[in-house]
Structures are given as structure tokens and as C-alpha cells.
Amino acid sequence: MQEAHYDALVIGAGLGGLLSAAQLLQRGKRVALLERLDHCGGRFSAKTFKGVQVSTGAVHMVPFGSSGVLAHTLRRLQIPHRLLDADVFGSFHVHGRQVRARGLLGVYRFLGPRQFFWFLRLGYLMFFRPLPASESALPFSAWLTRHIKVERNRELVAFFERIARFALSLELAQVSTAEVIATTKNMFRYGAPGIVEGGCGALAAELERRLRERGATVLLSHEVQQILHADGRVTGVRARDKASGDELLLYAPLVVSDIGPRATTALIENRQVRQAELLKQQQQAAQSTASAAEQDQAYREAVGLKVHVLSDVSLIPHRGIMYCLDTQRIAGIVQPTNCDPRLAPPGKHLLITHQVLQSENIEEEKALAIADLRHLFGETFERHCRILTMSVYRGEWPVNRLAQGRDLSPVTPLQGLFLVGDAVKPSGYLMVEGVAQSVNYVLDLLDAIERGEAAGPLGSPHLPATTAADGERQHWPGWLPFGRGRERARSGHVVRPPSRLNALRWLWTAPGNARKQVRRPLYP
């Protein structure tokens, strides 16, 4: 059995694992990155299929574009990249036609005067009035019902509903009002979404190349069998080379896991989570007579279905998202070839749809997606389009391993073992922006421990002592093991939102900030 020693080990080469390894290398650590698949990127990668860059999860889009957390992190790491920001707030397919809105005020064109008034009213309540404590934890659907007559404002409700389904893969009843407001505020402050030049696969490949160039050990097709620990501290991992069957023992005092809390917990207990077994368990749980309270406390992920469509003609005339307000399932569609035509063969256009899974009948969900495409594009779809792939994201390969706002702490019960990724997203940060920010939080935590600003051994930090009202010293826990604590240590890596004044630009246009990018293209 082979043995090796490192300063840090990273489990999983998804975007969170790649960024973690790159950041640790930049700090002078000897790093090994282990990935059970034969490629890096996880759900932020792509495979070439019939000349098309078919994404493995993401839609080649970064939520906050060239001004967001991921872009900021890539610049700090000097990773070549280019994000092409949206040129509109979005378009909206409603009443059988597509309405383009360059800025927020453009929604008047399909809402009309009465619903636009309530749109402005809701905007005031969300962004200018402090959110009452009694409304913070309310499902956003209940909050809407409290402030508008939903039956008389169907297009307005559909506006919020489709954005939540596309951006969060959740229904409005599944996300809190506080989380919706925090996420929307961040979007307005950072800027418009952007498409990655070359697609997300090209960026993942560039990160992998840079890791190898800087001396990291990248072990693809290596499955971690167990997280080793002793006396409450992580000591390394036991892994298996899937090609040869050989086992390895890799030792390190620091382990970062990008495979989610469920799979990480299983490895601590010397077992593994398998997709087929997990789906079976989830189906049994759904059919059980568990109470509503028990179901609410269950491990809830965000699930969805994505369709890749290749078209002979352009169907979306902008670089943003088309939200579908009059469909049965599809929430939104992007046409990333508007930004980078090389994502599809010459003269062709790539469209990617996304929808929330609303039942366990996957074939029915796919059929409804096809029916929506026919409804949206009519005869054009039949004559000029063909479906390339239809992919379902659930179980151990979901859209997000935990639903937005239900994320856990990055700290685990083992000292020296930390989580990054889409189950530990900070409040207000979605998708890959949340993944990048989760890595930044872990780095700030490590810095706080090294500076002595966080008490206790590595893995069980506490924030600096504060003075209570009675003059006594009081210690507040910073991160609770696998809990939902929100307090954070002083930041050095965490990206702070830009000025609130940026939000004003959204009234007329979708603001990006492409001039801050590392401009060397990812491929010629």
C-alpha cells in the first residue's frame, strides 16, 4: 500500500475543490486533490457531444458575472478567464410572446400599470423597509400572499416563481423571505450574470492545468474510501485507484471536502453513499407517513431537469435569460452561443433549459419539458431544433446538495476537516458564487486560527471574546459543527458586495463590469 504525506488534501475536484486547492497552493501548502471521476469540474464542466459543449450541470453561466465572487477569486489567483456579461435584465415569454426588458423598468411592458404598481410596492418592502422579524422566516410565497392579492396578479407571481425556479431550483414555498431578499440584493449590487468564454469546462480545465503547473498532485479516478482520524482530529484519507485497484494512504493535518456533508459524514464512518441506494431511500421517505414537521427537518436538496437543444436559428435575441411565465415546467432558457458561438458548431445555436422537478415521474417531467418547448417556439422548434440531451439532477448529483438558505456550517466534528461547496453557501450567494464564497470563508477561518484571533484548536474555532452588558467576558461560537450558525470571523478572502448605488443601474440596464477580467482567452 502506497503512503504519502501532504500539508492539505482536497476531496472532490468540483469547482469548490479546484478553488480550494488553488488557494492552498498559493499559501505555500503541499496539496493533493482526489477525484473519483476521470475529469475535473464536477457539475461545473462540459463534454463535447456532436460538436456542442454539453455542460455537466451548470448552464455555462455565472450568476454575478464579471463583478461577482467567482470572478474576483479567479483574478486573485491569476487564472485566465473571460466572462461575457448579459446585456439585458432578461426577457419574459408571456401570453405567447417574448418581451425583452433591458432593465427593471422594462417589466412594465408585460405587467401593465396595475401589476407594475404592486411590483414597485414589493420592491419598496423588500429593499427599503427593514424586514420585520415575524416575516423573515416566512416562505416567500406566504410573504407574497400577505402583501398582494396573488389571484389578481398572476404575471407578477409568475415573475418571482420562474426566477426562483431557474436561479435556486426551488418553489417559492421552499425558500424563506429573508433568503430571497438577501440573494436579490446581492444580484443588484454585484451585477448581471455572465457566460464563461469557452464554457464552464474550459474554466475547469484551466484551473486543473494551473494546479498541475504549480506542483499540486491531482489524482483523477481515485475514490476516497475513508477519512482517517484519531482523537477527534483528521489525519488523512484512504483512497483507491479505480484503474489499478491499488490502495493509497495519504496523510495531512488539513482535509477539505467538496463532496457534500452527507458523503463526507459517510467517509468519516468508513462507508460510502451510492446514488441508487440514496434515490431508493428518498423514494421510501416520500411515501412514508412522516409528519410535516419531520419532513421540513429532512435533508432537502434542490433538484432539477436540464435540456440541451441545438437550433439552426437563433431563438433568444440577447445574452441574458429568457424566463418562461406561461409554461408548465421550463422556468428559463439561456442561449450561451450569443456570447461564445464556439460552444456549438458553426451556424448553430445552443439553448439550455432548466426546470424544477415537481414529481418522481421523470418520464413525465421530460415529456412536459418537450411540450413546453413546442409551446414556446411552435413550428420553429419542429423544423429547426433537435434535443441533444435531457439530464436529471437529484440524489448525490443534485442542482444543490442543500436548498438555498438551509446550508450548513463549513466546520465538521473533526478538527482539521472542513466543507466547501453547494451545501455550505453563505446566505445571499447562489450557485457557483456561493461555492466560491464558501472557499473564501474557510480560508478566512484558517487565517483567524493562525493569527490567534480564533480560540481553540484547528477545526473548533471561536470568535474573539466580546464584552457582555454586565462587563463579564463572553465567548460566542463562530461556526457550529454541521449547524446553521451565520456569524463569521473577520474577513480577508471573503468578497464583500459592491456599493448599494450599483442597484440603481438595474432600473435601465443590466450592469456588468467586464474591464476587470484577466483577458487572455481560455482557448485560441
Side-chain angles (χ1 to χ4, degrees), residues 43-63 84-94 96-101 162-163 165-167 169 192-202 304-356 365-393 399 431 510:
R43 284 162 290 165
F44 193 77
S45 187
K47 295 287 188 180
T48 302
F49 179 68
K50 297 185 178 181
V52 178
Q53 289 298 302
V54 174
S55 65
T56 55
V59 295
H60 299 303
M61 178 171 279
V62 174
L84 300 156
D85 295 324
D87 52 359
V88 295
F89 170 56
S91 64
F92 300 85
H93 196 281
V94 57
R97 65 190 181 100
Q98 185 179 168
V99 179
R100 181 171 172 175
R162 291 335 194 253
I163 291 178
R165 288 178 179 177
F166 186 86
S169 295
I195 296 293
V196 182
E197 184 181 54
C200 48
L305 186 149
K306 187 179 64 177
V307 183
H308 282 84
V309 178
L310 189 64
S311 174
D312 297 333
V313 296
S314 176
L315 297 174
I316 298 178
H318 55 75
R319 289 161 40 170
I321 304 165
M322 183 181 81
Y323 297 102
C324 308
L325 308 191
D326 53 1
T327 49
Q328 299 179 81
R329 283 296 190 272
I330 292 177
I333 307 177
V334 296
Q335 187 170 295
T337 42
N338 288 351
C339 293
D340 189 347
R342 291 169 291 185
L343 295 175
K348 302 291 186 179
H349 301 272
L350 171 64
L351 295 99
I352 308 176
T353 79
H354 181 69
Q355 67 195 66
V356 174
E365 295 288 323
K366 291 180 178 179
L368 289 171
I370 296 173
D372 281 344
L373 287 168
R374 291 193 173 112
H375 166 72
L376 291 167
F377 303 119
E379 185 65 23
T380 301
F381 174 73
E382 302 292 348
R383 294 178 57 188
H384 297 283
C385 300
R386 63 189 175 105
I387 293 175
L388 295 175
T389 65
M390 302 184 78
S391 306
V392 175
Y393 296 88
V399 178
M431 296 191 283

Val307/Lys366 under side-chain contact (heavy atoms from CB on, under 4.5 Å): CA gap, chis, key distance, verdict: CA-CA 9 Å; Val307 183; Lys366 291 180 178 179; over 6 Å; no

Full working for side-chain contact (heavy atoms from CB on, under 4.5 Å) between Ile370 and Ile387: CA-CA 9 Å; Ile370 296 173; Ile387 293 175; 3.7 Å; yes

Derivation of the side-chain contact (heavy atoms from CB on, under 4.5 Å) call for Leu376 and Ile333: CA-CA 11 Å; Leu376 291 167; Ile333 307 177; 3.7 Å; yes

side-chain contact (heavy atoms from CB on, under 4.5 Å) between Thr380 and Glu382, intermediate numbers included: CA-CA 5 Å; Thr380 301; Glu382 302 292 348; over 6 Å; no

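Panel note: side chain His60, backbone Cys200; a donor-acceptor pair is recorded below 3.5 Å. Thr56 places a side-chain N or O within 3.5 Å of a backbone atom of Ser45 that can act as its donor or acceptor partner. Not one N or O on the side chain of Ser311 forms a donor-acceptor pair closer than 3.5 Å with the backbone of Ser314. When atom types are taken as modelled, the side chain of Thr337 and the backbone of Leu350 share a donor-acceptor pair closer than 3.5 angstrom. Using modelled atom types, one side-chain atom of Asp372 and one backbone atom of Arg329 make a donor-acceptor pair closer than 3.5 Å. Ser55 contributes a side-chain N or O that, together with a main-chain N or O of Ala58, makes up a donor-acceptor pair within less than 3.5 Å. Not a single donor-acceptor pair under 3.5 Å links the side chain of Asp340 to the backbone N or O of Glu197. Formation of a donor-acceptor pair under 3.5 Å by the Arg165 side chain with backbone atoms of Gln355 is not found in this model. Formation of a donor-acceptor pair under 3.5 Å by the Gln335 side chain with backbone atoms of Leu315 is found in this model.
Across all non-hydrogen atoms, the minimal contact from Ser169 to His354 is OG-NE2, 2.8 Å. Contact detail for Tyr393 and Val399: the closest heavy-atom pair is CB-N, 3.7 Å. Of all the heavy atoms in Cys324 and Arg162, the pair that sits closest is O-NE, 2.8 Å. Here the closest non-hydrogen pair linking Pro345 and Leu310 is CD-CD1, 4.2 Å. Considering all non-hydrogen atoms of both residues, Asp326 and His375 come closest at O-NE2, 3.3 Å.
Cys385 SG to Lys348 NZ: the interatomic distance, rounded to the nearest 0.5 Å, is 10.0 Å. Atom CE of Met322 is separated from atom OG of Ser91 by 6.0 Å, given to the nearest 0.5 angstrom. The line from CG of Leu351 to CZ of Phe381 is 10.0 Å long, rounded to the nearest 0.5 Å. Note that CG of Asp87 and CG of Asn338 are 8.0 Å apart. Values are rounded to the nearest 0.5 Å. Distance CZ/Arg43 to CE/Met431: 12.5 Å, rounded to 0.5 Å. The CD1 atom of Ile316 sits 11.5 Å away from the NE2 atom of His349 when rounded to the nearest 0.5 Å.
Between Lys50 and Arg386, the closest side-chain pair of non-hydrogen atoms falls below 4.5 Å. Using a 4.5 Å cut-off on side-chain heavy atoms (C-beta onward), Ile352 and Pro336 make contact. Looking at Ile330 and Leu373, their side chains come closer than 4.5 Å, going by heavy atoms from C-beta outward. Counting only heavy atoms from C-beta outward, the side chains of His93 and Leu325 never approach each other to under 4.5 Å. Inter-residue side-chain proximity for Leu343 and Val52 is flagged as unmet; no heavy-atom pair is nearer than 4.5 Å.
Between Thr389 and the choices His308, Lys47, Lys306, the side chain to side chain donor-acceptor pair (under 3.5 Å) rule is met once, by His308.
Asp85 and Arg319 are not joined by a salt bridge, as no carboxylate oxygen comes within less than 4.0 angstrom of a charged side-chain nitrogen.
Ring planes of Phe166 and Tyr323: perpendicular class, angle over 60° (limits at 30 and 60°).
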